[in-house]
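Every chain is numbered from 1, with letters handed out A, B, ... down the list of sequences. In this text the structure is predicted, and so the values were computed from the model without any measurement.
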Amino acid sequence: MTFSQQLITWYRNNKRDLPCRRTKDPYFIWLSEIIMQQTRIEQGTPYYERFVDAYPTVKHLASADEQEVLKLWQGLGYYSRARNLHGTAQEIMTGYGGIFPDTHADILRLKGVGDYTAAAIASICFDQPHAVMDGNVMRFLSRLYGIAESIDRPETKKTIRAIAEKNIDHRNPGDFNQAMMEFGATVCTPANPGCLNCLFQRQCIAFKNNTVGRIPARNSKTAVRHRFLHYLVITVTERGTEFICLNKRTGSDIWKNMYDFPCLERTLDKTLLRLPAQEFDELLNSATPEFGEVSNPFIHILTHQKLHARFYRIHYDKKIDLPCLLVPVKDIHNYPVPKLIDRYLSKIFF
DNA sequence: AAGCCGGGGCG
DNA sequence: CGCCCAGGCTT
């Protein structure tokens, strides 16, 4: 039995039953692969099912509003994936006549689709022998071949890709790719891998050398940046309806096209001191406000940032000129917000 | 080549 | 706490 035959046999006997494995429709495979990028299967699967329900065809997705797509994506993170997903659905409608491209080269041109996703779609949907290179595959193969160089180096990734391409089953490239990933995800895991019962223990260089714990190696991580956010939570009552002031984030910062509140950012405030009210004058075009409740600090961790946020409430009895979007509080659930804001809202308002 | 972009789960 | 996850885009 060749390596790929052993692996595929193992896969057919041990694979998890996932919703996204019940189809070969390129639209659904694309959707699932974008959702699963840098995301654990268990975390992404509920989102996949909600997207399939909401947008059963690429045409449905293309016709949606971006805000609606972001709302459905809310909580999953890396929101550029959702923006690109939506934009690419429209591109498929207008540029490809609604038909998903069927060659690796054309799939790779789609925005939001890189080497990994193009290979996954091409192999699973169209039986094209392109090997996927994701975290699971790189871990499994770097251990199996005892590759100790950092997998962050493109050179190392090329070496591993060559191994995968050499071993890919040309009859079942989709199963081979999924088997590689499934094996990495369930047996050759980052911590406490199942080496003792591993099918490939005899061939595994890292196991032989007792270096499984050090492979794969990665570059040192970049430093975490601390940010201190002072959020103004303005509410206004007008004819018995309560409104809240939202801010749509634009530009190249985190959470693009998501909503939060008007904000003052400080970088030197190591302790997130309470700001005096007049510091907010620049946001308000009006007289210094009187705060209602001022929250304790909220800590929110991103990959390269640690956010320290404080929320300052202000209430007005009538509408004034405000530099933000005034939304009825009861409609907040229509607006995509980052997890930090969602945490605050559910603690204070809901 | 390196930085940036979220959020969650695990040891 | 640190690490990693069915990665890709920007600089």
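- Listed by chain and residue number, A:Arg16, A:Arg40 satisfy the side chain to side chain contact (heavy atoms under 4.5 Å, CB included) test with A:Glu42 (two or more places apart in sequence, or in another chain).
- Of the residues in residues 335-346 of chain A, those lying under 4.0 Å from DNA chain B by heavy-atom distance are A:Pro338, A:Lys339.
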Under 3.5 Å, which donor-acceptor pairs link side chains of residues 342-350 of chain A to any protein atom two or more places apart or in another chain?
{"residue": "A:Arg343", "atom": "NH2", "partner": "A:Ile299", "partner atom": "O", "Å": "2.5"}
{"residue": "A:Ser346", "atom": "OG", "partner": "A:Asp342", "partner atom": "O", "Å": "2.9"}
{"residue": "A:Ser346", "atom": "OG", "partner": "A:Arg343", "partner atom": "O", "Å": "3.1"}

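- In this structure, A:Ile299 places its CD1 atom 14 Å from C1' of C:dC1, rounding to the nearest Å.
- Here the rule is side chain to side chain donor-acceptor pair (under 3.5 Å) with A:Tyr55, and of A:His60, A:Glu68, A:Arg50 only A:Glu68 fits it.
- Rounded to the nearest 0.5 Å, atoms CG (A:Asp134) and CG (A:Asp115) are 12.0 Å apart.
- Aromatic ring pairs are classed by plane angle as parallel below 30°, tilted from 30° to 60° and perpendicular above 60°; the pair A:Tyr231 and A:Phe311 is parallel.
- You'll find the ring centres of A:Phe183 and A:Trp10 inside the 6.0 Å limit.
- Counting only N and O atoms by type, the side chains of A:Ser4 and A:Asn167 include no donor and acceptor under 3.5 Å apart.
- Here, C:dA6 and B:dG3 have their P atoms 24 Å apart, quoted to the whole Å.
- The backbone N or O of A:Ala185 lies less than 3.5 Å from no partner atom in the side chain of A:Thr189, so there is not a single donor-acceptor pair.
- Cluster note: A:Phe207 groups with A:Val212 through ILVMFWY side-chain heavy atoms spaced under 4.5 Å, whether in direct contact or through intervening members.
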Side-chain atoms of residues 245-255 of chain A: list all donor-acceptor pairs with protein atoms under 3.5 Å, sequence neighbours left out, distances to 0.1 Å.
{"residue": "A:Asn247", "atom": "ND2", "partner": "A:Asp260", "partner atom": "OD1", "Å": "2.8"}
{"residue": "A:Arg249", "atom": "NE", "partner": "A:Ile254", "partner atom": "O", "Å": "2.9"}
{"residue": "A:Arg249", "atom": "NH1", "partner": "A:Asp260", "partner atom": "OD2", "Å": "2.8"}
{"residue": "A:Arg249", "atom": "NH2", "partner": "A:Asp253", "partner atom": "OD2", "Å": "3.0"}
{"residue": "A:Arg249", "atom": "NH2", "partner": "A:Ile254", "partner atom": "O", "Å": "3.3"}
{"residue": "A:Asp253", "atom": "OD1", "partner": "A:Arg227", "partner atom": "NH1", "Å": "3.0"}
{"residue": "A:Asp253", "atom": "OD2", "partner": "A:Arg227", "partner atom": "NH2", "Å": "2.7"}

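- The aromatic rings of A:Phe176 and A:Phe3 lie perpendicular to each other, with more than 60° between the two planes, well past the 30° mark.
- Within the nucleic acid shown, A:Leu76 comes within 4.0 Å of at least one base atom, counting heavy atoms only.
- Running 5' to 3' along DNA chain B, contacts with non-hydrogen atoms of chain A at under 4.0 Å begin and end at B:dA1 to B:dG11.
- Nucleotides C:dG8 and B:dG8 have their P atoms positioned 22 Å apart, rounded to a whole Å.
- Remark: A:Tyr312 engages A:His230, A:Phe280, A:Phe291 in a ring-ring contact (aromatic ring centres under 6.0 Å, His included) (not counting sequence neighbours).
- The two residues A:Gln74 and A:Pro336 come nearest to each other via the heavy atoms OE1-CA, 3.4 Å.
- Shown for residues 253-265 of chain A: residues whose heavy atoms fall under 4.0 angstrom of DNA chain B, namely A:Asp253, A:Ile254, A:Trp255.
- Judged as a side-chain hydrogen bond (donor to acceptor under 3.5 Å, both in side chains), the pairs with a partner in residues 93-110 of chain A (not counting sequence neighbours) are, in order, A:Thr103-A:Asp106, A:Asp106-A:Arg109.
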Under 3.5 Å, sequence neighbours excluded: what are the donor-acceptor pairs made by side chains of residues 29-39 of chain A?
{"residue": "A:Ser32", "atom": "OG", "partner": "A:Phe28", "partner atom": "O", "Å": "3.4"}
{"residue": "A:Ser32", "atom": "OG", "partner": "A:Ile29", "partner atom": "O", "Å": "2.9"}
{"residue": "A:Glu33", "atom": "OE1", "partner": "A:Tyr116", "partner atom": "OH", "Å": "2.5"}
{"residue": "A:Gln37", "atom": "NE2", "partner": "A:Thr117", "partner atom": "OG1", "Å": "3.0"}
{"residue": "A:Thr39", "atom": "OG1", "partner": "A:Ile35", "partner atom": "O", "Å": "3.4"}
{"residue": "A:Thr39", "atom": "OG1", "partner": "A:Gln37", "partner atom": "O", "Å": "2.8"}
{"residue": "A:Thr39", "atom": "OG1", "partner": "A:Arg81", "partner atom": "NH1", "Å": "3.2"}

Letter per nucleotide, 5' to 3', of nucleotides 5-11 of chain C [B base touched, S only sugar-phosphate touched, - untouched; heavy atoms, 4.0 Å] = BBBSSS-

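- With hydrogens and angles disregarded, no donor-acceptor distance shorter than 3.5 Å links the side chain of A:Arg139 to the backbone of A:Pro216.
- Of the residues in residues 46-55 of chain A, not one comes within less than 4.0 Å of DNA chain C through any heavy atom.
- Comparing A:Ala223 and A:His300 by the nucleotide of DNA chain B whose heavy atom lies nearest to each, the residue mapping closer to the 5' end is A:Ala223.
- As judged by a 4.0 angstrom heavy-atom cut-off over every strand, A:Gly44 is placed among residues making no nucleic acid contact.
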